Amino acid sequence: MSIAENVAAIRQRINDAALSCGRDPKDILLCAATKMNDASAVRQAIAAGVDCCGENRVQELTAKLAENAYAGKPVHFIGHLQTNKVKQVVGKVDLIQSVDSVRLLEVIEREAERQGLTQEVLLEVNIGGEAGKSGFAKEEILPVVEKMASFSHIFVRGLMTVPPICQEVAESQEFFSEISTLSVDIRRKKYDNVSVDILSMGMSGDFETAIRCGSTMIRLGTAIFGPRDYTKSYQD
Ligand SMILES: *Cc1c(COP(=O)(O)O)cnc(C)c1O
């Protein structure tokens, strides 16, 4: 199947999942997780109508930006971001989805101020509390959003999560619902520099469940591009 055919099939599945729970399919954005896929594949995904692209590695982002691969659509950063690479990402992407520490927020704030812009971000939540996985613990989220008033060059658009790999739908549903509740809580309290209109959750294997739990942005790699070829370039 071509990328265009895959995207068309995914749109149908998004439609069905949204309608099955009384949601408007237009409220769910499709982010192409483009890691390990080259500029040509990215352009095909954009031509097929994905809403944005998400890149995991700074080196790949930089290379594909130089090739103008994302022309016409927003590009997001969705991988673990080291503080020493913040300069290469702030102002280059529309949204950093994977902010996982206060230290990283501080470094982004400083760089955004230096560039004279406001960087939009999502806070990544390690919803399963898994060791070795990045993200804030869910208990840390409220204290962090309370602090955002002092980050005048950052705007928090919402939350992002990669839940633990689950065998049962009911199990992932529990993680997705938990984070959905958390985002509703934050939205209700109204913090400065925080809006929480984006809930980024759901990947190729679980996006329909995520949609039923309130996801507004799904990040799909395999379902769009097929299995990743780890022998190819773009690895760092
Ligand atoms: C790779 C990746 C995805 C997409 O994963 P698939 O299972 O291939 O759809 C989504 N989010 C993040 C953060 C990723 O790194």
Side-chain angles (χ1 to χ4, degrees), residues 1-3 5-14 17 28-38 41-42 44-46 48-64 69-70 73-82 85 89 93-101 104 120-128 130 132-136 157-167 169 171-172 175-176 179 198-211 213 215-236:
M1 291 247 283
S2 70
I3 289 172
E5 287 168 325
N6 288 342
V7 171
I10 291 161
R11 285 291 184 196
Q12 187 59 53
R13 288 172 64 187
I14 293 173
I28 297 128
L29 296 176
L30 173 57
C31 178
T34 47
K35 60 173 175 275
M36 326 258 341
N37 285 285
D38 62 16
V42 172
Q44 288 174 57
I46 289 173
V50 302
D51 297 298
C52 57
C53 296
E55 211 55 80
N56 276 76
R57 295 188 176 92
V58 174
Q59 186 179 301
E60 259 189 79
L61 171 74
T62 306
K64 285 178 229 176
Y70 314 107
K73 289 292 171 186
V75 60
H76 298 175
F77 195 77
I78 64 173
H80 176 65
L81 179 56
Q82 291 167 266
K85 293 189 177 168
V89 175
V93 300
D94 299 274
L95 183 70
I96 303 174
Q97 295 202 14
S98 42
V99 173
D100 55 6
S101 71
L104 182 57
E120 295 196 344
V121 307
L122 303 182
L123 302 178
E124 181 173 355
V125 189
N126 180 359
I127 196 69
E130 294 171 279
K133 197 166 199 166
S134 41
F136 290 98
R157 293 288 304 276
L159 304 177
M160 183 270 238
T161 196
V162 183
I165 294 164
C166 299
Q167 304 307 326
V169 171
E171 214 184 328
S172 41
F175 289 119
F176 288 141
I179 198 155
I198 301 176
L199 187 50
S200 174
M201 59 186 194
M203 312 204 301
S204 293
D206 57 13
F207 70 90
E208 282 133 323
T209 307
I211 288 170
C213 296
S215 172
T216 68
M217 182 179 288
I218 56 174
R219 308 175 310 270
L220 307 190
T222 315
I224 295 175
F225 300 106
R228 286 179 282 277
D229 181 356
Y230 287 97
T231 62
K232 282 205 319 215
S233 60
Y234 279 129
Q235 248 177 317
D236 58 8

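Keep in mind it's a predicted model, so treat the numbers as computed, not measured. Starting from 1, each residue takes its place in the sequence as its number. In listed order, ligands and their atoms are each counted from 1. These numbers come from the heavy atoms of this one structure, side chains and all, not from hydrogens, waters or symmetry mates.
By the criterion of a heavy-atom distance under 4.0 Å, both the backbone and the side chain of Ser204 are placed next to ligand 1. Contacts between Asn56 and ligand 1, counted as non-hydrogen atom pairs separated by less than 4.0 Å, involve the side chain only.
Heavy-atom contacts of Ala33 reach the following atoms of ligand 1: 3 (C), 4 (C) (cutoff under 4.0 Å). For ligand 1, the atoms closer than 4.0 angstrom to any heavy atom of Lys35 are 1 (C), 2 (C), 3 (C), 14 (C), 15 (O). The distance from ligand 1 to the heavy atoms of Leu220 drops below 4.0 Å at these ligand atoms: 9 (O). Short contacts between ligand 1 and Arg219, defined as distances under 4.0 Å to a heavy atom of the residue, involve ligand atoms 4 (C), 9 (O), 10 (C), 11 (N), 12 (C), 13 (C). Close approach of ligand 1 to Thr222 is summarised as follows: ligand atoms under 4.0 Å from at least one heavy atom of the residue are 6 (P), 7 (O), 8 (O), 9 (O). Close approach of ligand 1 to Gly221 (heavy-atom distance below 4.0 Å) involves ligand atoms 4 (C), 6 (P), 8 (O), 9 (O).
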Step by step, would you call Phe176 with Ile127 a side chain to side chain contact (heavy atoms under 4.5 Å, CB included)? CA-CA 8 Å; Phe176 288 141; Ile127 196 69; over 6 Å; no
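Pro163 and Phe175 make their closest contact through CB-CB, 4.0 Å (heavy atoms, listed as atom of the first residue, atom of the second, distance). Between Cys52 and His76, the shortest heavy-atom contact is SG-CE1, 3.5 Å. Of all non-hydrogen atoms in Met217 and Cys31, the two that sit nearest each other are CG-CB, 4.1 Å.
For the ligand labelled ligand 1, residue Gln97 lies outside the 4.0 Å heavy-atom shell.
Not counting sequence neighbours, Ser98 has no partner by the side chain to side chain donor-acceptor pair (under 3.5 Å) test.
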